[in-house]
Engineer: 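Next up is a structure, given as structure tokens.
Scope of the values below: all heavy atoms of this structure, side chains included, with no hydrogens, waters or symmetry mates. Below, chain A is the first sequence line, B the second, and so on; all start at residue 1.
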Amino acid sequence: MPELPEVETVARGLQSSVAGRRILAVTLRKTDFIDDPAAIERELPGRQIARIERFGKFMLLQLATTPAQSPPASWPSENSPPVEPIAEALLVHLGMTGHLAPHFPEQPLTKHTHVTFVLDDGRELRYTDARRFGRMAYLTGAALASELERFGADPLLVTKEDFAQRIRSSRSRIKALLLDQSVLRGVGNIYADEALWKAKIHPAKIGARLAGQEVESLRKELRKILLKAIELRGSSISDFVDAGGVPGDYQQHHKVYGREGRNCFRCGTKIRRIIAAGRGSHFCPHCQPTPRGARRSRRGSSKKTKRNRPRATSNR
DNA sequence: CTCGATCCCTGGACGC
DNA sequence: TGCGTCCAGGGATCGA
């Protein structure tokens with residue numbers, strides 16, 4: 001599942017493989033995960049993909065209106081605005097199962113390819129997403145700025161003070177805080193669990209109750225884990241592969257995620273799994289003791305919901 | 001403010 | 001082999 005390291009991996013791959021290419025045509029299939037499909041069909045053709053970078057779990061494909069062939073020509077003139085931020089971008093969130101990668105046109109479309117961008121070198125940048133938990137949006141100017149403002153600090157860049165402030169001013173559980181994209185952008189379930197294990201903090205501990213050294217330990221360990229995971233090109237759990245189709249290797253370094261019932265690498269205690277912040281949370285009950293006064297996190301016992309699900313398949 | 005519950009969606013695992 | 005059922009999870013949303 002793509003979290004910060006996986007998205008960073010894909011973004012780097014795309015930056016080296018498709019940056020500078022111009023989009024010639026767009027084909028949309030299912031569109032229920034796209035904010036404004038018509039805007040994409042209308043605005044993207046003719047645009048150059050100037051640069052691809054990660055923002056939280058999003059990829060930002062920055063678009064340029066300048067002709068792809070002649071870069072600065074007569075651009076930096078007297079009255080042209082100074083280095084404006086990002087004026088125009090395609091935001092892509094991979095959700096759980098999203099893939100964005102260049103293909104040769106002769107490669108057959110897979111079942112869940114929903115968006116195709118034809119590039120000016122003959123390749124196609126394809127977005128594939130079986131579960132459609134991803135998101136795609138074309139945004140400009142103020143709308144783009146305000147969208148990006150909704151997100152919190154980048155965990156790789158956040159300062160000690162800023163991180164501490166964000167965590168210790170909240171009465172939420174630390175696991176929920178780590179997953180909250182308006183607190184930190186980019187952390188997901190795997191790396192939250194891994195960082196909490198390394199910092200020896202129980203996922204249900206209240207943010208405001210973390211000791212100063214716990215908070216700083218968490219920040220440092222989270223950062224180290226994310227950097228190591230980027231180095232190994234992410235964790236391939238379900239079907240994650242980078243923009244070149246290569247899986248990551250960090251899953252082999254997981255200490256708690258997906259290890260329920262197995263022995264803690266530090267103390268040998270069996271790893272447990274509870275639901276915190278609505279997500280499976282893996283931890284060592286010995287290394288990460290239940291905080292005093294923690295609300296009991298309820299495990300399924302009283303809910304046996306069987307849901308009925310009438311659904312209309314939206315197609316276009 | 002914070003929480004859980006629910007929904008979205010499909011593939012994979014598992015039981016029979 | 002082939003069903004049915006459950007589960008995974010990021011995020012939006014709603015009600016408690």
Engineer: Starting from C1' on dA8(C), measure out to CG on Leu94(A) and report it in whole angstrom.
Structural biologist: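 For the pair Leu94(A) CG and dA8(C) C1', the rounded distance is 17 Å.
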Engineer: Determine: side-chain N/O of Thr97(A) to OP1/OP2 of dT10(B), distance under 4.0 Å, yes or no.
Structural biologist: no
Engineer: Side chain of Ala130(A), heavy atoms from C-beta onward: which of dG4(B), dG10(C), dG11(B) has the nearest atom to it?
Structural biologist: dG11(B)
Engineer: So, does Tyr257(A) get its side chain near the phosphate of dG9(C), meaning an N or O under 4.0 Å from OP1 or OP2?
Structural biologist: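 The answer is yes; a side-chain N or O of Tyr257(A) sits under 4.0 Å from OP1 or OP2.
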Engineer: Mind calculating the distance between CD (Glu3(A)) and P (dA8(C)) to the nearest angstrom?
Structural biologist: 16 Å
Engineer: When you check the phosphate oxygens OP1 and OP2 of dA8(C), does a side-chain N or O of Arg273(A) lie under 4.0 Å from one of them?
Structural biologist: yes
Engineer: Checking all strands, does Gly134(A) fall into the base, sugar-phosphate, or nothing category for heavy-atom contacts under 4.0 angstrom?
Structural biologist: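 No contact.
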Engineer: Starting at atom CD1 of Ile275(A), determine the distance to atom C1' of dC6(C), rounded to an integer number of angstrom.
Structural biologist: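 For the pair Ile275(A) CD1 and dC6(C) C1', the rounded distance is 13 Å.
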Engineer: If I take atom CZ in residue Arg173(A) and atom C1' in nucleotide dG4(B), what distance separates them, rounded to the nearest angstrom?
Structural biologist: 10 Å
Engineer: So, is Arg132(A) near the phosphate of dT10(B), with a side-chain N or O under 4.0 Å from OP1 or OP2?
Structural biologist: yes
Engineer: Under the side-chain hydrogen bond (donor to acceptor under 3.5 Å, both in side chains) rule, collect the residues that match up with Arg135(A), sequence neighbours excluded.
Structural biologist: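 Checked Arg135(A) against side-chain hydrogen bond (donor to acceptor under 3.5 Å, both in side chains); matches are Asp35(A), Glu147(A).
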Engineer: What pairs with Thr27(A) under side-chain hydrogen bond (donor to acceptor under 3.5 Å, both in side chains), at least two apart in sequence or on another chain?
Structural biologist: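 None.
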Engineer: Does Asp193(A) have any side-chain hydrogen bond (donor to acceptor under 3.5 Å, both in side chains) partners at least two apart in sequence or in another chain, and if so, which?
Structural biologist: Lys175(A), His282(A)
Engineer: Any Lys/Arg nitrogen of Asp121(A) or Arg123(A) sitting under 4.0 Å from an Asp/Glu carboxylate oxygen of the other?
Structural biologist: yes
Engineer: Could you tell me how far apart Asp32(A) (CG) and dC8(B) (P) are, to the nearest whole angstrom?
Structural biologist: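 To the nearest whole Å, that distance equals 12 Å.
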Engineer: Rounded to whole Å, please give me the gap between NZ in Lys175(A) and P in dT2(B).
Structural biologist: 18 Å
Engineer: Would you call Lys270(A)-Glu260(A) a salt bridge at under 4.0 Å N-O?
Structural biologist: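 No, Lys270(A) and Glu260(A) are not salt-bridged.
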Engineer: With Arg12(A), which residues qualify under side-chain hydrogen bond (donor to acceptor under 3.5 Å, both in side chains), at least two apart?
Structural biologist: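 In terms of side-chain hydrogen bond (donor to acceptor under 3.5 Å, both in side chains), with neighbours along the sequence ignored, Arg12(A) is linked to Glu8(A).
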Engineer: Within the sub-3.5 Å range, which N or O atoms of nucleotides 11-14 of chain C have a protein N or O partner, and how far apart are they?
Structural biologist:
unit_1	atom_1	unit_2	atom_2	d
dG11(C)	OP1	His93(A)	NE2	2.8
dG11(C)	OP2	Lys57(A)	NZ	3.3
dG11(C)	N7	Arg279(A)	NH2	3.0
dG11(C)	O6	Arg279(A)	NH2	3.4
dA12(C)	OP1	Arg150(A)	NH2	3.2

Engineer: Within this structure, what is the CZ-to-P distance between Arg131(A) and dC7(B), rounded to whole angstrom?
Structural biologist: 18 Å
Engineer: Mind checking what makes side chain to side chain contact (heavy atoms under 4.5 Å, CB included) contact with Lys200(A), not counting sequence neighbours?
Structural biologist: Arg266(A)
Engineer: To the nearest Å, give me how far apart CZ (Arg171(A)) and C1' (dC3(B)) are.
Structural biologist: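 It is 12 Å, rounded to the nearest whole Å.
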Engineer: Can you check whether Lys111(A) has a side-chain N or O nearer than 4.0 Å to OP1 or OP2 of dT10(B)?
Structural biologist: no
